[in-house]
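Everything numeric in this text was worked out from a predicted model, so none of it was measured. Naming convention: chains lettered A, B, ... in sequence-line order (proteins, then strands); numbering from 1 in each chain. For the numbers below, each heavy atom of this structure counts, side chains included, while hydrogens, waters and symmetry mates do not.
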Amino acid sequence: MDSQKLLQLWSTTGLANFEWGQLLMIAVGLLLLYLAIARRFEPLLLLPIGFGAILSNIPIAGIADDNGLLGYLYQIGIETGIFPLLIFMGVGALTDFGALIAMPMTLILGAAAQFGIFFTLIGALLLNFIPGFEFTLADAAAIGIIGGADGPTAIFLASRLAPDLLGAIAVAAYSYMALVPIIQPPIMRLLTTEAERKVKMSQLRHVSRLEKIIFPLTVLLLCTIFLPTSAPLIGMLTFGNLLRESGVVDRLSKAAQNEIINIVTIFLGLAVGSKLQAEKFLTLETLGILLLGMTAFAVGTAAGLLMGKVMHRLSKGKINPLIGAAGVSAVPMAARVVNKVGLESDHHNFLLMHAMGPNVAGVIGSAVAAGILLAIVGG
Amino acid sequence: MDSQKLLQLWSTTGLANFEWGQLLMIAVGLLLLYLAIARRFEPLLLLPIGFGAILSNIPIAGIADDNGLLGYLYQIGIETGIFPLLIFMGVGALTDFGALIAMPMTLILGAAAQFGIFFTLIGALLLNFIPGFEFTLADAAAIGIIGGADGPTAIFLASRLAPDLLGAIAVAAYSYMALVPIIQPPIMRLLTTEAERKVKMSQLRHVSRLEKIIFPLTVLLLCTIFLPTSAPLIGMLTFGNLLRESGVVDRLSKAAQNEIINIVTIFLGLAVGSKLQAEKFLTLETLGILLLGMTAFAVGTAAGLLMGKVMHRLSKGKINPLIGAAGVSAVPMAARVVNKVGLESDHHNFLLMHAMGPNVAGVIGSAVAAGILLAIVGG
Amino acid sequence: MDSQKLLQLWSTTGLANFEWGQLLMIAVGLLLLYLAIARRFEPLLLLPIGFGAILSNIPIAGIADDNGLLGYLYQIGIETGIFPLLIFMGVGALTDFGALIAMPMTLILGAAAQFGIFFTLIGALLLNFIPGFEFTLADAAAIGIIGGADGPTAIFLASRLAPDLLGAIAVAAYSYMALVPIIQPPIMRLLTTEAERKVKMSQLRHVSRLEKIIFPLTVLLLCTIFLPTSAPLIGMLTFGNLLRESGVVDRLSKAAQNEIINIVTIFLGLAVGSKLQAEKFLTLETLGILLLGMTAFAVGTAAGLLMGKVMHRLSKGKINPLIGAAGVSAVPMAARVVNKVGLESDHHNFLLMHAMGPNVAGVIGSAVAAGILLAIVGG
Amino acid sequence: MTVTELLLEGVQLMILGMGTVFLFLGTLIAVITLISRLLHRFDSPPIPTAAETEDPLLPAVVAAAVAQYRRDHPHPTTRR
Amino acid sequence: MTVTELLLEGVQLMILGMGTVFLFLGTLIAVITLISRLLHRFDSPPIPTAAETEDPLLPAVVAAAVAQYRRDHPHPTTRR
Amino acid sequence: MTVTELLLEGVQLMILGMGTVFLFLGTLIAVITLISRLLHRFDSPPIPTAAETEDPLLPAVVAAAVAQYRRDHPHPTTRR
Ligand code: NA
Ligand code: NA
Ligand code: NA
């Protein structure tokens, strides 16, 4: 037997090539799988991302390399921005903006909650005082967008402003979105009084089909006039929504809601996983990003709640401030959390529908914020 | 506050960057959306094209640029010819050629109606006498194909022969296809007598499964022998049809009929929309193309009807000349128009099935015509 | 009439350009279609491959050229390895490994049957003694993998090691997989006694959901440790299986099992067909490959059966050696053949479930073998 | 750029950013409200509903199948 | 090339084009008719129908599921 | 490389290859068996079943639709 051949085979085993970082990242991948499967934390994204993390850290195989499967997916779908934009189209096709149209004032709540984005941006810059951190303004903006609580927006912006941080930002965004039921309730209880939480809101008015058709066009035209840099995101969101509401292209609407979003979700998750390669992910920056991401969600929630309290006053008690927390987006998790916390105070107070208004407003809000960051930082 | 930052933000607004052409094209996009949604003019294509037109004319955003989403879709799917060919595969998988096989003589009607293509080609060249028009033979051929009344064929040919005119040609093709119920009836009434329109046709014979399986292969082999330049189009049409008729690959046939055609339709529409950028679309040529496209449909319809009258004589009155109008293709709209006009003359005369023969023959006919144009002009 | 134009048109006809090889290959394509449709030989692959073969051999049209549809599909999906890997993901999502987990010893049968791969590799090298054959070690390895009886694995490996032989290898792999019901039974009857064939096996134990979730991860981790070069294949197979078994991402699991695998199957088949161009396919090598492929299946089957007999002895008659034949994979055809042959000896002996163990083990086995070949030959 | 300068940039960005977000969504409120009022003044024009949507090819195909079926299965002459 | 020359080219193209279209579809008529006659002379060979089509993987998967179910839910011994 | 040398390479590859395949799948047998035993020692933790899986967006959408429907179709006051 030729011992040279044996040596060659040995040299291609994982055993002979492992680095500690890769082992650690495979463990991280397994942890994400555990969270996705056993704890059901955003499984649609965290399962593919977790699996992608494992695949990317297999030595020799080069699956995340430029000519490996995950590398190709990254180049095709994320470098180009195609995947997050197609997901956004699907989100548009899946979203009923009726609650928002019935109660447009809730857009203010969706605006307020974006404060989490800019607060975190400042936080990232503050970290630069600690030796080892050297976040640029673009890095900080990409990190801040975690506070938008919207996966595709975060991936789209990070791929433009700070591709090296994309893995950590995507993982933080989806993980904290999954943690919304844990992060939000204490803040909600802290910032609102029992009386406020008991406020029942009046039933939403009927929204006609024509209003629902005009809505996405209105949003797109405003975006065209005021903030074209957010047009790719807002454009695909409103396109998906128009497919849905127009009622004349059911075939296409269903394709956007099912085939396209499902296929792209698999590929997007795997491609994001390709950015969890040990040498890129195991850095001090990642630690900072995970920390800041948590803050982002907490601050966004608080900002939404405080604006909710203002509106509670201004409306003479007609608005339950809890629905402000849904303004961070994280659709529909945050709206459900609002509903649950509301029910704790009054077993007959169903806030789900009222929370859907700020909830979907938050999606638009963070896409707008992303547009501003692109306009000023990405220039 | 740093006024420089404000200025920078202002300089990225639509307000600061709009050109009149873009505003006009956004209005055109909105018009297409109106036609698609409120008037149901070919909504599957005109809705994505219209939305794509709006997206392409948003200043700053660059969505139709080489590295914008619509630009990518155009490069991936239209420059390569992949999208129209996949649509053609889907059309093949959706089409039952039974009526044509039962009544092969109707192929003559599908041939005659292609006269609209060549007449329009001459028309485009004639426009060159007007100062401002400078259509090459390739341009004229691409414009002529509008008379084929077949979207994917028009897009495929235009992308090969005259990519700069593709936007106008696609818009004209789909718009006039949508207008078939308005364009065709007056011509039909003008060119046929009441007696002719009342002709009842005998029931179609039964077509066996084996005949349906052999049919696409026959068409492909003839195309291979006589006109290989039309093989990409005819090839994918017959491939899709064989998936359908073979009966052994239901999974694939359904994928071609649903997932693939739906997904590609969305992308194709958006990509075509990227050619509706103001600076490319708002030209004298576009005006000429829109005018010629209308002629193309009218002449094709007339040619089909006249050949129908010839066959009416030759068959000693067995053939209703109305079905000649279906030869332009525009499947299945034209066949339904024939049925409707036939019913006006005799409430018991259902011509739908007999019109399906020339109707699908028209699809093959215009693919053949496209092959000839590619062979002689595209060489 | 300008006779030059007529000449130009004539020069673009198939009649003026046919070469004998193309005619022959079109006939081969028609034969594959016949086998797929009338004989139901692996129609999901052989129909697209056969049609692709016809399209690729149409003169002038250039459909398989670098900028033709089939050429693009080949570059996008096969040169990159993306298509076979996505098919493998779908296979993972479609496969229930329960039988294997319940009876892990059957993995030995799946290992033994891979002997067909290496035997064929030697056979390919032996052909080099015949003048005209000049197979390299890489060529021989790619040919050997036909014995793995697994289409995507064969295409993946051939695209890496011997792209010029890919067409012949894929056609051989799928054709012989289709011939499994004809190739295997005589060998099974020859190598086993009537008494052995009558052995009834005990019912399989229940496999818990958790075991099914841990299984793909276990396989992936072993692959990571011992044989990273097989990680792309094993990785996507186990990813698909985890989508299935996790139970938390039904949307994605169904997309992998349906939309993705169906769409990719169409494209993969057409792209493989592009390698059946006359000048590449009509060679002495192809003849050798078709011959060797047959041997590969026969030897693999025999090796599985002999190992089955060993296990029959060692288990004191508890194991029916027939199930060894299923170790070649060719899922689920080989397992059904085992069941059928078993029923011939005893009308109450249902071996299907027991044969599924070695059957799916064979899939893993040939992916492992592919990894070794890549590690040593592809280095 | 020092960290302090960066921070200053960040604060400006925050002010501009939140300002724009509120402006944008505020304008949206105004426009939505306006449109709703306009629409309710005129009764909304009757747009055909989704239920009427049809596949451009399917009807013909179905019709073809039906016709084929009828031809293949001629029904006995109806007496009454 | 002058416009007139172009037009001449166009007219030639029209003649050639319509000629080829008619030739192609005319030949197709002949071939279809011929094939139909041939097929009706011999009774068409019995090709299995679409209903028999099956998924290559599904049956095994289903069988596996059924078997698993049977094992997990042993039925009471049938008496009669 | 002569054909004989190639063949020698091939034979080595066969030995190495079959060896690795058996080693790999053999180890897999050991690990699967081990895991099964471990899992059966402790009763497997209750993982929620597939039936509970839900679409992240759908419930909200459905809820919205239901609410909308209720508003549009106010039910007559329930007496009992
Ligand atoms: Na948000
Ligand atoms: Na046509
Ligand atoms: Na195998």
| B:Leu69 versus A:Met236: any side-chain heavy-atom pair under 4.5 Å? | yes
| said: Tell me the closest heavy-atom pair linking B:Ile58 and A:Ala231, and the distance in Å. | reply: CD1-CB, 3.8 Å
| chain A: which of B:Ile60, B:Leu30, B:Leu47 shares the most heavy-atom pairs with it under 4.5 Å? | B:Leu47
| said: Is any side-chain heavy atom of B:Tyr72 closer than 4.5 Å to one of A:Thr80? | reply: yes
| field | Proximity breakdown for B:Leu15 and chain A, heavy-atom pairs closer than 4.5 Å | value | both
| Per-residue contact mode, B:Ile26 against chain A (heavy atom under 4.5 angstrom) | side chain
| Where on A:Leu85 is there a heavy atom nearer than 4.5 Å to chain B: the side chain, the backbone, both, or neither? | side chain
| field | Distance-minimising heavy-atom pair for A:Leu252 and B:Pro48 | value | CD1-CG, 3.9 Å
| Contacting region of B:Leu70 [heavy-atom separation from chain A under 4.5 Å] | neither
| Nearest-0.5 Å distance, CZ of residue B:Phe267 to CD1 of residue A:Ile82 | 8.0 Å
| task | Report yes if some heavy atom in the side chain of A:Leu242 is under 4.5 Å from a heavy atom in the side chain of B:Ile37; otherwise report no. | result | yes
| Residue pair B:Leu33, A:Leu217: steps toward the side chain to side chain contact (heavy atoms under 4.5 Å, CB included) verdict | CA-CA 10 Å; B:Leu33 293 181; A:Leu217 294 172; 3.5 Å; yes
| query | Do B:Ile261 and A:Arg251 have side chains that get closer than 4.5 Å, going by heavy atoms? | reply | yes
| message | I'd like to check B:Ile54 versus A:Leu220 (side-chain heavy atoms, cut-off strictly below 4.5 Å). Are they in contact? | response | yes
| note | When the 4.5 angstrom heavy-atom criterion is applied to A:Thr238 and chain B, the contacting part is both
| NZ of A:Lys254 to CD of B:Glu259: how many Å apart, nearest 0.5 Å? | 13.0 Å
| said: Which heavy atom of B:Ile266 sits nearest to which heavy atom of A:Phe239, and what is that distance? | reply: CG2-CE2, 3.8 Å
| task | Provide the closest heavy-atom pair for B:Pro59 versus A:Thr224 in the form atom of the first, atom of the second, distance. | result | CD-CG2, 4.4 Å
| query | Within a radius of less than 6.0 Å around CZ of A:Phe215, do more than 12 heavy atoms belonging to other residues, nucleotides or ligands occur? | reply | yes
